[in-house]
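Okay, so here's the structure we're looking at.
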Amino acid sequence: MVVSLKENNVFRRLYYKGASAGNRLLVIYCRRNGLGYNRLGLTVSTKLGHAVVRNRMRRRLREIVRLHEGRLQNGYDVVIVARTAAVEAQFGALTRAFLTAADRVGILKP
RNA sequence: CGACCGGGACGGACAGCCGCGUGGCUGCGCCGAAAGGCGCUUUCAUGAGGAAAGUCCGGGCUCCACAGGGCAAGAAUAACGGGUAACGCCCGCCGAAGGCGACUUCAGGAAAAGUGCAACAGAGAUAUACCGCCGCCGAUUUUCGGCGGCAAGGGUGGAAAGGCGAGGUAAGAGCUCACCCGCCGCAUGGGAACAUCGCGGCGCUGUAAACUCUAUUCGGAGCAACACCGUGGAGGAGAAUAAGGUCUGCCCGACCUCUCCGGGGAGGUGGCUGGAACGCAUCGGCAACGGUGCGUCUAGAUAGAUGGCUGUCGAUUACAGAACCCGGCUUACAGUCCCGAUCGUGAA
RNA sequence: CGGGGUGUGGCGAAGUUUGGUAUCGCGCUUGGUUCGGGACCAAGAGGCCUCGGGUUCAAAUCCCGACACUCCGA
């Protein structure tokens, strides 16, 4: 079960206190929330491009999380920040970047 | 066939699997006395643009202000006629500029109501006389000086007092005349701007995207508007002076717990999509556009729905994402198709 | 959604109101001074004034459109 994150203070708490791991394409912040399900937030800033580019970035990130939902542990707040290089990246490269970062931050099931 | 001009349409298509928003239907669960509401689920329907963009104009809608009229201030617009709910938009037409042409572009009112500005150059910039031309006088007579007349020629400048020819003169000059140009008035044509090898008068620098004048228009703010519901906490009134809790072990005191009022922050619901709508036919109009008939319903999200994989065609895919809704303007754009017109070349 | 500001040599600014000559400081180059360097003195280079149009005889300046950066209010 995945619910979207909305409040700005939750994002700020994750940036400040959450565990993070990143690479050239994206950065993942995560923290235990004690709710029994995961909450997902996406950060796609205006630096990446205009509205069409940003919308497409969000959709691809959401699709990656949906396809690998079964491999994630439950009970975490997760924020994915897209970096500039991700705009030109292929879907497969983006998937590999997500999985390696998620593994390093420790939210993949063993 | 080539070049160019104007107008219009499209802007990936089809199939399969998984996933998302909205609406309907089926079933299940929970809450409720019921009406009904909420969640999940089956299946069906539907789901971004020609600019959705920039936010440059005009309106609808909502709230606030004034509820009658005028003036001033400020802002916007500017030939003329029409279209429109309205516009700074569109169509037609006039004038000017550009193009061989189809056609394109123009903030295109008033400088004779007034004020300002026009650097440098140049003798002189709204007025003049440096060189020059001519006459008279004088002298040391191929020349120079003085007095007077002139504004044709030279030079400067973006601009030098209408242009050109003839007459005229000492030399000249709209001084006079013919033709042309411009402005004003009348006449004729046109619905009007305006036009005219018609008549008369006049000859005036440019700049109003300098101030200004004239005419017309304009109250302000915006869907985070606005309306409704509104946990807790804070405020006011009441009930009770009983019981309990906290400060504090006890007394006093204060606060909370009960009921009503109340403005309303967080949050939620409405506003939210059927409209100056779209398509086709027909009638009126040069056209913009309008009338009539028939048909269609076509996103409504709220951290914000369209993505991933595979196959075929086509190609390497442009610019680009609704956020209250319409009418325009401006800007960005790979490529494809259709219609009409012009110029050139060749053939019949 | 609404409103404002800025863009000028390599860097930071003035000049825009009232149109004609682009100026100042730091930096740069050359020369002098010093045994050498710094400081100081003298000379010099470097600008289509963000971009595209328009008005004007003439535009950094006035007008229109675009781009980039930035600030404010709900």
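Chain identifiers are assigned alphabetically (A, B, ...) following the order of the sequence lines, protein sequences preceding nucleic acid strands; residue numbering begins at 1 within each chain.
- One finds the CZ atom of R31(A) at 8.5 Å from the CG atom of D77(A) (value rounded to the nearest 0.5 Å).
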Review item, side-chain donor-acceptor pairs of residues 92-103 of chain A, under 3.5 Å, at least two apart:
{"from": "T95(A)", "atom 1": "OG1", "to": "F91(A)", "atom 2": "O", "distance (Å)": "2.9"}
{"from": "T100(A)", "atom 1": "OG1", "to": "R96(A)", "atom 2": "O", "distance (Å)": "3.1"}
{"from": "T100(A)", "atom 1": "OG1", "to": "A97(A)", "atom 2": "O", "distance (Å)": "3.1"}

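- Rounding to the nearest 0.5 angstrom, the gap separating the CZ atom in R71(A) from the CD1 atom in I107(A) is 11.0 Å.
- Linking Ile, Leu, Val, Met, Phe, Trp and Tyr residues whenever their side-chain heavy atoms come within less than 4.5 Å leaves L61(A) and V52(A) in two separate clusters.
- Nucleotides rU77(B) and rA208(B) place their P atoms 16 Å apart, quoted to the nearest Å.
- For R58(A) and rU306(B), the CZ to C1' distance is 13 Å, given to the nearest whole Å.
- Using a 4.0 Å heavy-atom cutoff across all strands shown, R66(A) reaches at least one base atom of the nucleic acid.
- For rC71(C) and rA67(B), the C1' atoms lie 40 Å apart once the distance is rounded to whole Å.
- Between the CG atom of L94(A) and the P atom of rG307(B) there is a distance of 15 Å, rounded to whole Å.
- In this structure the side chain of I80(A) reaches within 4.5 angstrom of the side chain of V65(A), judged on heavy atoms.
- Atom name P, nucleotides rC1(B) and rG101(B): the rounded distance is 27 Å, in whole Å.
- Here salt bridge (charged side-chain N to carboxylate O under 4.0 Å, His left out) pairs that include residues 50-63 of chain A, with residues two or more places apart or in two chains, are E63(A)-R66(A).
- rA166(B) sits 8 Å from rA178(B) when the C1' atoms are compared, rounded to a whole Å.
- To the nearest whole angstrom, the two P atoms, one in rA301(B) and one in rA48(B), are 15 Å apart.
- To the nearest whole angstrom, the two C1' atoms, one in rU50(C) and one in rG274(B), are 49 Å apart.
- Atom CZ of R54(A) is separated from atom P of rA53(B) by 13 Å (rounded to the nearest Å).
- Taking atom CG of L67(A) as the reference point, atom P of rC309(B) lies 10 Å away to the nearest angstrom.
- Here, rA209(B) and rA78(B) have their C1' atoms 14 Å apart, quoted to the whole Å.
- One cannot find a donor-acceptor pair under 3.5 Å joining the base of rG308(B) and the side-chain atoms of E63(A).
- Taking CG of L72(A) as the start and CG of L40(A) as the end, the distance is 9.5 Å to the nearest 0.5 Å.
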Any protein N or O atoms within reach of nucleotides 318-321 of chain B? Criterion: under 3.5 Å, listing atom names and distances.
{"from": "rG321(B)", "atom 1": "OP2", "to": "H50(A)", "atom 2": "ND1", "distance (Å)": "3.2"}
{"from": "rG321(B)", "atom 1": "OP2", "to": "A51(A)", "atom 2": "N", "distance (Å)": "3.4"}
{"from": "rG321(B)", "atom 1": "N7", "to": "N55(A)", "atom 2": "ND2", "distance (Å)": "3.2"}
{"from": "rG321(B)", "atom 1": "O6", "to": "R59(A)", "atom 2": "NH1", "distance (Å)": "2.9"}

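- In this structure, rG50(B) is classed as syn because its glycosidic torsion stays within 90° of zero.
- Atom C1' of rC100(B) sits at a distance of 31 Å from the matching atom of rC337(B), rounded to the whole Å.
- Across all strands shown, R62(A) has heavy atoms under 4.0 Å from sugar-phosphate atoms exclusively, and none from any base.
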